[in-house]
Amino acid sequence: MDLRQLEFFVAVVEEAGFTRAAERLHLAQPGISARIRRLERELGHPLLDRTGRSVTPTEVGEAVLPYARAALEAVENVRHAADAFTGLLRGHVAVGLVSGATGQFDIASVLADFHREHPHVEIALTEDTSERMLQALRRGELDIGVLGLADEYPPEGTAAEIVVDEPVVAAVAPDDPLLAHGAGPVGVTALRDRALISLPSGTGLRGVLERACAEAGFRPRVAFEAAAPPLLARLAARGLGVAVVPDMPPQVAASLGLRTLRLTPQPRARIALTWRTGGPAAPAARALLPRLRTALEAPRTGDRGHALGEWSA
């Protein structure tokens, strides 16, 4: 068994196929396939299921995968430890962002400054839903994420600092029945039989809505969903349903043709800087994390200056 076999195995699993793994590694596919079959013979078990349209790990492969990743990570850290004596930082850091974070924080400047100081560090940035990024953090595919949380506490296996914490409200057209008794708070139960307008499944804000409704004893009826928050506002302003969104100043709501109502119990929308429990393993990610913590100025609570368009967590 050698490290290249483990590297090839991990690449095939992550790319779900030999062709994409070969492209990623800049190698010929037959060579990768031969090295993995040799590894399987050494271990006495098939590690990959090649029968489907995509290649997936077998039960044994799933068990071996974290150890293979740990071995590769350990070798990388040996190199980093040696580089530390010369003050040189190398390696790779993967950062994930919900698109809402790009409007509220100057992430680009943080990454640019870090790259200027550490030009040998490769930085990868991706935007995705909060749910998928949490899964990527747990798998070690992401080092750091700025994502939406459905709860006050980070999911198991992760640590987090909340950087935005805002109340969630019901946004409706001015003639909506929810306004019949004035602009006072309404119970979450008032949403039970209403057509709701929300961000897609997998986003932190959608998780907040689903959790609040579950605690009130019903399942939300989401009639319209969109990844662009301004579209949610337009749908609600045309009377197509109740948009469940972070709070906004009255003048912003009025400019969108909306009125907002507080909900009780009060759900909250949270964006958090998130990483794996124990801190990022790679030295480059450990060096970047405090920069991001400073830039995001955690925590921020109830900042009513945020516009609806900045949210898609």
Check [Y] with [X], please: is the shortest side-chain N to carboxylate O separation under 4.0 Å?
X	Y	answer
Arg262	Asp247	yes
Arg69	Glu14	yes
Glu42	Arg38	no
Arg4	Glu7	yes
Arg211	Asp151	yes
Arg206	Glu131	no

Please report the C-alpha distance between Leu147 and Leu134 in whole Å, then the side-chain angles of each, then the deciding distance to 0.1 Å, and finally whether the side-chain contact (heavy atoms from CB on, under 4.5 Å) criterion is met.
-> CA-CA 8 Å; Leu147 47 86; Leu134 279 170; 4.1 Å; yes

Can you find a heavy atom in the side chain of [X] that is under 4.5 Å from one in the side chain of [Y]?
X	Y	result
Val172	Leu258	no
His45	Val64	no
Leu292	Ile107	yes
Pro167	Leu263	no
Val95	Leu288	yes
Leu47	Val12	no
Leu273	Leu289	yes
Pro229	Leu199	yes

For side-chain contact (heavy atoms from CB on, under 4.5 Å), just list the numbers for Trp275 and Arg286, CA-CA rounded to whole Å, side-chain angles, deciding distance to a tenth of an Å, and then say yes or no.
-> CA-CA 10 Å; Trp275 58 93; Arg286 290 199 299 270; over 6 Å; no

At their closest point, which heavy atom of [X] faces which heavy atom of [Y], and how far apart are they?
X	Y	answer
Leu25	Ala11	CD1-CB, 3.9 Å
Leu6	Ala68	CD2-CB, 4.1 Å
Gly61	Pro57	C-CB, 4.0 Å
Leu232	Ser198	CD2-O, 3.5 Å
His92	Ala284	O-CB, 4.3 Å
Ala160	Leu149	CB-CD1, 4.4 Å

[atom1]/[X] to [atom2]/[Y] distance, rounded to the nearest 0.5 angstrom?
X	Y	atom1	atom2	answer
Ile197	Leu231	CD1	CG	8.5 Å
Phe218	Asp193	CZ	CG	8.5 Å
Met133	Thr274	CE	OG1	8.5 Å
Leu39	Phe9	CG	CZ	7.5 Å
His118	Ile123	NE2	CD1	9.0 Å
Thr277	Leu137	OG1	CG	10.0 Å

Please confirm whether the backbone N or O of [Y] pairs with a side-chain atom of [X], one donor and one acceptor, at under 3.5 Å?
X	Y	result
Arg291	Ala287	no
Gln5	Asp2	yes
Thr58	Pro46	yes
Arg268	Asp165	yes
Glu40	Leu48	yes

Candidate pair Glu210 and Ser201, rule side-chain contact (heavy atoms from CB on, under 4.5 Å), full reasoning | CA-CA 9 Å; Glu210 291 172 349; Ser201 295; 4.2 Å; yes

Would you check, one step at a time, whether the test side-chain contact (heavy atoms from CB on, under 4.5 Å) holds for Leu142 with Thr126?
-> CA-CA 9 Å; Leu142 278 183; Thr126 184; 4.1 Å; yes

Atom CD of Gln251: over 12 foreign heavy atoms under 6.0 Å = yes

Arg276 atom CZ, neighbour heavy-atom count above 12 within 6.0 Å | yes

